[in-house]
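Shown next, in structure tokens, is the structure this report addresses.
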Amino acid sequence: MIDKTVTDAAAAVSGIQDGATVMIGGFGRAGQPVELIDALIEQGASDLTIVNNNAGNGDTGLAALLAKGRVRRVVCSFPRQHDSWVFDRLYRAGEIELELVPQGNLAERIRAAGAGIGAFFSPTGVGTELAEGKELREIDGRMFVLEHPIKADYALISALRADRWGNLVYRETARNFGPIMATAATTTIVQVDELVPLGWIDPETVVTPGIFVDRVVAVGERSWLRDGTFVGGVDIEGRPAHPVEAPAEVDQ
Amino acid sequence: MIDKTVTDAAAAVSGIQDGATVMIGGFGRAGQPVELIDALIEQGASDLTIVNNNAGNGDTGLAALLAKGRVRRVVCSFPRQHDSWVFDRLYRAGEIELELVPQGNLAERIRAAGAGIGAFFSPTGVGTELAEGKELREIDGRMFVLEHPIKADYALISALRADRWGNLVYRETARNFGPIMATAATTTIVQVDELVPLGWIDPETVVTPGIFVDRVVAVGERSWLRDGTFVGGVDIEGRPAHPVEAPAEVDQ
Amino acid sequence: MSSRISRDALAARIAADIPEGSYVNLGIGAPTLVANYLPDDLEIILHTENGLLGMGSAPESGSIDPDLINAGKQPVTALAGAAYFHHADSFAMMRGGHLDVCVLGAFQVSQSGDLANWSTGAPGAIPAVGGAMDLAIGAKEVFVMTDLLTKAGESKLVAACTYPLTGVGCVTRVYTDHAVFDVVDGRFVVREAFGDNTVASLAELTGLELASMADAAASVEGT
Amino acid sequence: MSSRISRDALAARIAADIPEGSYVNLGIGAPTLVANYLPDDLEIILHTENGLLGMGSAPESGSIDPDLINAGKQPVTALAGAAYFHHADSFAMMRGGHLDVCVLGAFQVSQSGDLANWSTGAPGAIPAVGGAMDLAIGAKEVFVMTDLLTKAGESKLVAACTYPLTGVGCVTRVYTDHAVFDVVDGRFVVREAFGDNTVASLAELTGLELASMADAAASVEGT
């Protein structure tokens, strides 16, 4: 029997070695595999190269990994955000390297790694400083820049639901980089809201076939869902929108 | 209101000009847009370049288009089949050109056209006669061959279901080339079993978003389905598996 | 008459130029205002680079869904007829030329249509490009929405960009608070001057030779 | 003892070498026989290039579904846990090296692992390549299933292919009716000889210098 499920996030991230290249899914917070990142922080691997669209938000998730000094280099399209203070500090202090990649080149380079493409001529970035030093070519009257695949040792991604073969479905725009990162890493590790029995995911709707998935861990339903139905009640960061006051302590 | 539906297959294929490049979906008979091909035969465009995985089966569909002498050139991976007698005859008579493309290069070149890629280094075909005259390059110790996009004026494809925005879902392995051909043609024309109201297709399950679709025509449910459920009763070519004898005529 | 229109009026002006049935990306920041002025009775389909076609307006309070956001990472909704897809498919959609219109902000636009909108090149600034370069080269029409002048009074329309480029020769039209300009054959054509602006006054503000629509028409006839 | 095993016995021999959990493509023609010998109690996931992972056996008569076929265009079924995808995704799966094993037929295999299986190069023949070249370069292990000799008695294992190539240096193992050969460092190593075949008798049949497993082991130790 094929069973890619593991018992907890610690088991899911075991073996990630110092110096590894790790893709981390998510666009901002949507689809960010927070439990896996927390487990990676706990696990202790350092000197990492991280591939993500961003470079961390606030003080949790990817930002927390950066804050611990575990990351040598970030490959991303949009590090600077209103809440990217952790990355900003490290970058200004010269404590982290940045490879800035236009978002479409980032996505296509990740896909290329998964699809066995050696390199491709991209329309994006031509004539800009992000194409400096790269090979240019005119094809059918238009200029293109040669871009190479980005592959990884590990991908940490988040999906809505999986079966034990690792077939995945996602939810809304939390899908983002998950499906392509899953194809581009030697070992793909997925956190999901829930595991379902084999055959419960309609084969027409599978977004990531299990062939791309190595380990799956269920981390429980997100707080804005109840039994798979959206119930809201949170802000954009997933915190309770109207926090309930803790009841005053009563002296006994 | 956006409404990409047209009333019949004749309207769907209107305007296809002599000399056009036309992609036709399908792998063998699965997913072949038979009603659109029949309408194209009726419409009369000639001197066509056809992009398809095969070069026609039996005497219907693509084979019938070839038999009418409407096709100057075929781009495909696998023309020779047990029932490809129409193509075989034309090819041996020197009446049709063939560009033979390995199937993976065919698929990736079609995708590249839709994705704005100028060209890409492919792992497939290196060292074979199908790479002769093409640029080779060693990347990370492996040889690749440069392949260019295949685009088309029109794509004729078949899907299971559409809404009026042109969102599509497919059925089983009839999906094959449909989603990528839809992205690579200036005008994409789709035949579907049924049209459904906007919003009836779950946005998580859309395979071809409507942005890639220009015209949709409903041609009715395939004979092996009843109200969307598989009922069988056909052979692999879709003909009744156990034809019912016509009742003997009774003299009155 | 005033010489400038408000940002909201400009958003409305852009919205009025977008035909029904268009597939449109409104980038991030000010251009997203355009969505507020798209007529409710016209179907115009919004794309957001993080994987959604058929993006709707912001959700009601209490219905924020952290899984459903736009490129600016703000909560949005999805219309009936929407579709989700992954990032490579989303950018293939842009880069393959399938979007009809995108609307972007700008630091500078040159008269040959070069766009600079991602970096001022200031020393020590943290660079971030996101999807700007893909949008700039991908859409059939690349509209820029911007003030004509910087806060310091310098023209954002320039002979040649001095800021780092986002894309080369990609801008087709510039909507500013003073006027609307088409980029045609290496010069700006004043398509519409707001208030008391004229081709001459705009030429003075920008320091550029500008063409009127009549000039442009004559030029076409003369070819 | 006989010097040859049957095609079905060979299919069973190949099936026995495929571990549980493998993702496997069985091409078209004879290699598809291997599916009949995969143990029912092991989960081995079959890929078909036309867009399905989790392919099952042929349907019952009366349940043929023309939308559900394999690469040979024969009716198949889909298992619980299956997934459908389009052709570019399907070939990306192959070409990206995600399949563990593929099994292909051959006209010739060279001792450096070159494969010729798509064309005899005969004048006037209609060429057809399908997915053979993608499979040849894509899977982690490329197994060939073939008779050792042609009907004319010529060896299909050769020093260098004379037929048009499908892929260069791609074959890792050859299962023939006489023996199983590994391709190692530019020579064939006899992994297993069936019946009364020996390394010497196989060398004579093929006209090649062959290595025994002992030779190969010594060679590794000697490095």
Does any heavy atom of chain B fall under 4.5 Å from the side chain of [X], the backbone, both, or neither of them?
{"X": "D/D89", "value": "neither"}
{"X": "D/T166", "value": "backbone"}
{"X": "D/Y84", "value": "both"}

With a cut-off of 6.0 Å (strictly less than), are more than 12 heavy atoms of other residues, nucleotides or ligands near [atom1] of [X]?
{"X": "B/K151", "atom1": "NZ", "value": "no"}
{"X": "B/D140", "atom1": "CG", "value": "no"}
{"X": "B/R89", "atom1": "CZ", "value": "yes"}
{"X": "D/D185", "atom1": "CG", "value": "no"}
{"X": "D/E209", "atom1": "CD", "value": "no"}

* **Option passing side-chain contact (heavy atoms from CB on, under 4.5 Å) with D/K73 (candidates B/D83, B/I236, B/T173, B/N54)** =>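 Exactly one candidate clears the test, B/N54.
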* If you round to the nearest 0.5 Å, how far is CG of B/L106 from CG of D/D134? ->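 It is 9.5 Å, given to the nearest 0.5 Å.
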* Just how far is it from atom CZ of B/R239 to atom CD1 of D/I64, taken to the nearest 0.5 Å? ->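 It comes to 11.0 Å.
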Exercise: identify the closest heavy-atom pair between [X] and [Y]:
{"X": "B/P79", "Y": "D/P127", "answer": "CG-O, 3.1 Å"}
{"X": "D/R95", "Y": "B/S122", "answer": "NH2-OG, 3.0 Å"}
{"X": "D/H86", "Y": "B/R175", "answer": "N-CD, 3.7 Å"}
{"X": "B/I180", "Y": "D/A88", "answer": "CG2-CB, 3.7 Å"}
{"X": "D/I28", "Y": "B/F78", "answer": "CD1-CZ, 4.4 Å"}
{"X": "B/P102", "Y": "D/M133", "answer": "CG-SD, 3.7 Å"}

Answer yes or no: is there a side-chain heavy-atom contact under 4.5 Å between [X] and [Y]?
{"X": "D/F91", "Y": "B/Q103", "result": "yes"}
{"X": "D/L68", "Y": "B/W224", "result": "no"}
{"X": "D/I137", "Y": "B/R142", "result": "yes"}

Using a cut-off of under 4.5 Å for heavy-atom pairs, which of [options] has the most such pairs with chain D?
{"options": "B/M143, B/R111, B/M181, B/E129", "result": "B/E129"}
{"options": "B/G232, B/S77, B/A30", "result": "B/S77"}
{"options": "B/S84, B/G238, B/A174", "result": "B/A174"}
{"options": "B/L225, B/L130, B/N57", "result": "B/L130"}

So which part of [X] gets closer than 4.5 Å to some heavy atom of chain D, the side chain, the backbone, both or neither?
{"X": "B/F177", "answer": "both"}
{"X": "B/L98", "answer": "side chain"}
{"X": "B/F87", "answer": "side chain"}
{"X": "B/V101", "answer": "backbone"}
{"X": "B/R222", "answer": "side chain"}
{"X": "B/V234", "answer": "both"}

Under a 4.5 Å heavy-atom cutoff, which of [options] has the most pairs with chain B?
{"options": "D/S90, D/A71, D/P59", "value": "D/A71"}
{"options": "D/Q74, D/E49, D/M94", "value": "D/E49"}
{"options": "D/G51, D/S63, D/G121", "value": "D/S63"}

* When you measure from the side chain of D/D67 to the backbone N and O of B/R171, does any donor-acceptor pair fall under 3.5 Å? ->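 Judged by distance alone, no pair lies under 3.5 Å.
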* Return yes if some donor-acceptor pair links the side-chain N/O of B/R80 with the main-chain N/O of D/I126 below 3.5 Å, else return no. =>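 Judged by distance alone, yes, a pair lies under 3.5 Å.
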* Is the B/F27-D/H87 ring centre distance short of 6.0 angstrom? ->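 Under 6.0 Å, so yes.
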